Amino acid sequence: MQPTLTDSLLDYAGISSPGRRRSHNEDALLCAPALGLWAIADGMGGHQCGEVASSVALEALQRAIEAGEPLEPAVHLANQAVLDAAGDDGMGTTLVAAQFHGVDFELAWVGDSRAYLVSATGIEQLTRDHSWVQMMIDAGELKPAEAEGHAWRNIILHCLGREEPLEIGVTCGTLKPDELLLLCSDGLTNELTDAQIQASCTFADTLENLVEQLIAQANEHGGRDNISCIVIGRTATPPATESRGRRFINMLLKPLKS
């Protein structure tokens with residue numbers, strides 16, 4: 001997906017890759033800057049079903065937002081659309097979505113696709129996985145370091161297309177001029193640590209280069225799953241003088257390639 005300039009205070013870039021081990025891509029991206037809406041869905045259920053589930057979910061989400069629904073009810077409508085499309089085939093998808101109003105945003109997620117807030121000084125995971133390993137961490141039965149390589153780390157507890165009513169995670173925030181909001185599927189986070197993701201954000205020159213670099217690094221580390229990411233940053237006026245130490249901020253200010 002080619003990144004473009006938005007007509008608002010935000011710039012973005014998004015890209016998806018099948019990875020190195022899979023011949024097809026069950027991830028789907030939604031970039032709708034006119035709605036202030038960005039989302040990633042990671043489909044499950046096999047080649048055709050996974051692709052259908054992720055596409056159906058994002059199409060339904062966009063229609064609901066266009067009709068004036070708030071984000072959380074829109075995710076419920078997306079879930080119903082996947083349930084209706086599934087029939088007896090058994091399909092599902094994770095979802096992470098961000099809706100902006102100016103520079104304020106709301107996040108909604110189901111499953112283990114994530115959102116991060118990244119700055120030059122750190123990275124913060126804003127979402128909390130609906131997964132078995134996260135449940136074990138919360139219960140004190142598993143340490144975060146143990147979860148990273150656990151055989152059950154890909155088992156998720158909630159997804160669109162499997163249940164109604166659906167448990168949805170929600171949070172909100174404000175994007176500052178020196179921050180990025182990163183949405184991604186687990187194909188990225190299963191290959192790269194938070195520190196590696198933050199380092200890429202710090203040293204990339206543009207948002208387009210950043211998403212390309214993240215995908216390339218995830219593939220270099222194995223590319224065992226489909227990999228998708230969207231980065232969103234605020235536009236601003238570049239400073240008169242720049243230093244290497246401000247490269248992360250410069251990235252947010254430079255126009256994106258068309």
Side-chain angles (χ1 to χ4, degrees), residues 1-16 29-40 62 65 70-72 96-109 113-128 169-185 188-189 192-218 228-258:
M1 177 178 295
Q2 291 295 320
T4 61
L5 286 172
T6 72
D7 295 325
S8 67
L9 297 172
L10 306 173
D11 287 346
Y12 74 94
I15 194 169
S16 185
L29 302 186
L30 171 59
C31 296
L35 298 173
L37 180 66
W38 287 266
I40 290 176
Q62 181 170 355
I65 295 296
L71 184 58
E72 188 173 357
V96 59
Q99 185 178 25
F100 277 82
H101 301 280
V103 295
D104 297 326
F105 62 86
E106 182 180 4
L107 289 173
W109 72 93
S113 290
R114 294 179 178 177
Y116 289 89
L117 197 61
V118 191
S119 72
T121 57
I123 180 170
E124 178 186 3
Q125 183 179 332
L126 301 179
T127 56
R128 195 168 190 81
V170 294
T171 191
C172 59
T174 300
L175 188 64
K176 297 176 182 177
D178 59 347
E179 294 176 334
L180 286 176
L181 183 67
L182 166 67
L183 309 181
C184 61
S185 64
L188 184 74
T189 54
L192 302 180
T193 65
D194 288 2
Q196 289 170 325
I197 293 171
Q198 194 267 339
S200 293
C201 292
T202 301
F203 292 106
D205 289 321
T206 66
L207 298 182
E208 181 182 26
N209 288 344
L210 172 55
V211 294
E212 291 173 348
Q213 182 175 316
L214 287 171
I215 295 293
Q217 288 181 336
S228 298
C229 59
I230 297 170
V231 289
I232 305 160
R234 286 178 58 170
T235 59
T237 303
T241 59
E242 298 177 349
S243 68
R244 186 171 182 178
R246 291 177 59 83
R247 196 169 183 184
F248 175 87
I249 298 176
N250 297 344
M251 173 192 65
L252 301 181
L253 308 179
K254 292 181 180 180
L256 304 183
K257 300 175 185 176
S258 59

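We number each residue from 1, following the sequence as shown. Note that the coordinates shown come from a computational prediction; the quantities given were computed from them, not determined experimentally.
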Answer whether the closest heavy-atom distance between the side chains of L37 and L71 falls below 4.5 Å. yes
Between T189 and C184, which heavy-atom pair has the shortest distance, and what is it? CG2-SG, 3.7 Å
dist L30:CG -> I65:CD1 (nearest 0.5 Å) comes out at 9.5 Å
Not counting sequence neighbours, which residues clear side chain to side chain donor-acceptor pair (under 3.5 Å) with T171? List them please. none
Distance-only, no hydrogens or angles: does the R114 side chain make a donor-acceptor pair with backbone N or O of Q125 under 3.5 Å? no
Do E124 side-chain atoms and Y116 backbone N/O form a donor-acceptor pair below 3.5 Å? no
Please round to the nearest 0.5 Å and tell me the distance separating atom CD of Q217 and atom CG of L188. 9.0 Å
After noting the C-alpha distance and the side-chain angles of L207 and L180, does the key distance pass the side-chain contact (heavy atoms from CB on, under 4.5 Å) rule? CA-CA 9 Å; L207 298 182; L180 286 176; 3.6 Å; yes
Please confirm whether the backbone N or O of L9 pairs with a side-chain atom of T235, one donor and one acceptor, at under 3.5 Å? yes
For A32 and Q62, work out which heavy atoms get closest and say how close. CB-NE2, 4.3 Å
What heavy-atom pair brings L181 and A98 nearest, and what distance separates the two atoms? CD2-CB, 3.8 Å
Ignoring hydrogens and geometry beyond distance, is a side-chain donor-acceptor pair present between S200 and Q196 at under 3.5 Å? no
List the atom of I40, the atom of C229, and the distance in Å for their closest heavy-atom pair. CD1-CA, 3.7 Å
Taking all heavy atoms of I230 and all of A39, pick out the closest pair and write down the distance. CD1-O, 3.5 Å
Checking T127 side chain against A115 main chain: does a donor-acceptor pair fall under 3.5 Å? yes
Any L107 side-chain heavy atom under 4.5 Å of L183 side chain: yes
Which heavy-atom pair separates S119 from T202 by the least distance, and what is that distance? O-OG1, 4.5 Å
Out of L214, L210, L117, which residue meets the side-chain contact (heavy atoms from CB on, under 4.5 Å) rule with L182? L214
Main chain of S185, side chain of S228: is a donor-acceptor contact present, judged purely on distance under 3.5 Å? no
Nearest-0.5 Å distance that lies between atom OG1 in T174 and atom CZ in R234: 9.0 Å
So CD of Q198 and CG of L192: to nearest 0.5 Å the spacing works out to 13.0 Å
With sequence neighbours left out, what residues match F100 under ring-ring contact (aromatic ring centres under 6.0 Å, His included)? W38, F105
